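These numbers were taken from a predicted model, which means no experiment stands behind them. All chains are named by letter (A, B, ...) in the order of the sequence lines, taking the proteins before the strands, and each is independently numbered beginning at 1.
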Number of protein chains: 2
Amino acid sequence: MKREKKAEVFREFIVREGLKSTRQREIILDFFLSSKRHMSVEELYRKLRARHPSIGYATVCRTLKLFAQSGIAHEMRFGDGQTRYEHIAEGEHHDHLVCTGCGTIAEFENKTIEELQASVADSHGFLIHSHKLELYGLCARCRK
Amino acid sequence: MKREKKAEVFREFIVREGLKSTRQREIILDFFLSSKRHMSVEELYRKLRARHPSIGYATVCRTLKLFAQSGIAHEMRFGDGQTRYEHIAEGEHHDHLVCTGCGTIAEFENKTIEELQASVADSHGFLIHSHKLELYGLCARCRK
DNA sequence: ATGTATTTTGATAATCATTCTCAATTAGGA
DNA sequence: TCCTAATTGAGAATGATTATCAAAATACAT
């Protein structure tokens, strides 16, 4: 259900913006939505290449950017030089636990932290648009 | 006091690591510690260039990295492609409010948020090494 | 279905901050 | 002072992303 919904949202975005629905965009959308949540451009490109060797890297980059614009994906940079995208439904938000050992990314959500963030922003007169919270360390497996 | 202490920490680091104290490193250290907290490599380089035109960009990059390694500075990337460094004393930590309008960076600290982060990490079996919390939005001035 | 204006694509070049290379210079201990 | 290893500056290299542009594909009106 979720997945088809996201595809729908993207297709509506395409129409609304006067863009065109193309074979490549559909293929990338399909791969993206059926992949694990956190994919780097490079990873997705390699995966795609196996089945669709003619799709160019630039197209993958462009299309992922469109996903972000349409609201079905979120662009992330963890500081390793790679841009990652995760697919999210509107309104969803979560933060990340990044393992510096194996690169695993876990997600979490904490309502109280979000509230505290809002109040911090408030006390500084800031109008928050988005936030990023990342915890770096070793996951349970890498600690051993 | 703070400033001389940081310089001292860096000089000790240089000795401890078997590195050498050079004219360039002292100059950059001096500029860095007397600058505003959040400086991009480019900004610092330009500032430096006015008085010391012979110092190369690569040297500034390398030296700032050393500051980070020595513990007197912290490397930050806010996603605009620029690497920034802020000088910090050991143990100090704070998070950032980044204005997407004018680029101003404000700092804050919130003990409760830190505690909640620790408990989140704990419940996932993570051993936290560091964290990054950034709130993006419009500052009081840009809201108007 | 066909034409047409517009968008999209793929390949390649360009970008841009940072890092690397390397010969020349410099620091610091013997 | 001498010697060895580290450091420097200039320019080349890197690497992910973005821009360019001719060719191909799409949407829509005819």
Touch class at under 4.0 angstrom, heavy-atom based, for A/E42 against every strand present: nothing
Any pair counted as salt bridge (Lys or Arg N to Asp or Glu O under 4.0 Å), so long as it reaches residues 106-130 of chain A, sequence neighbours left out: A/R37-A/E107
Side chain proximity check, B/H93 to B/I88, heavy atoms < 4.5 angstrom: no
Within residues 20-35 of chain B: residues closer than 4.0 Å to DNA chain C (heavy atoms): B/K20, B/S21
Distance-only polar pair, side chains of A/E92 and A/H74, donor-acceptor under 3.5 Å: no
Rounded distance in Å - CG (B/L19) to C1' (D/dT8): 14 Å
Gap between atoms CE and C1', on B/M39 and C/dT18 respectively (whole Å): 17 Å
Spacing between B/E17 atom CD and D/dA5 atom P, to the nearest angstrom: 18 Å
Residue B/K65, side-chain atoms from C-beta onward, closest of C/dT18, C/dT19, C/dT7: C/dT19
Under 3.5 Å side-chain donor-acceptor pair for B/H52 and B/Q24: no
Separation between CZ of A/R49 and OH of A/Y57, rounded to the nearest 0.5 Å: 11.5 Å
Ionic contact status for A/D30 with A/R51, cut-off 4.0 Å: no
Interatomic distance, A/L66 CG vs D/dT18 P [rounded to whole Å]: 12 Å
Interatomic distance, B/Q82 CD vs C/dT19 P [rounded to whole Å]: 13 Å
Whole-Å distance separating the OH atom of A/Y85 from the P atom of D/dA16: 14 Å
Verdict with supporting geometry, B/E134 and B/H96, side chain to side chain donor-acceptor pair (under 3.5 Å): CA-CA 5 Å; B/E134 288 149 22; B/H96 297 100; 5.3 Å; no
Shortest non-hydrogen separation from B/V60 to B/I28 and the atoms involved: CA-CD1, 4.0 Å
Exceeds 12 heavy-atom contacts within 6.0 angstrom, atom CZ of B/R16: yes
Within residues 45-63 of chain B: residues closer than 4.0 Å to DNA chain C (heavy atoms): B/Y57, B/A58, B/C61, B/R62
Interatomic distance, B/D80 CG vs D/dT17 C1' [rounded to whole Å]: 15 Å
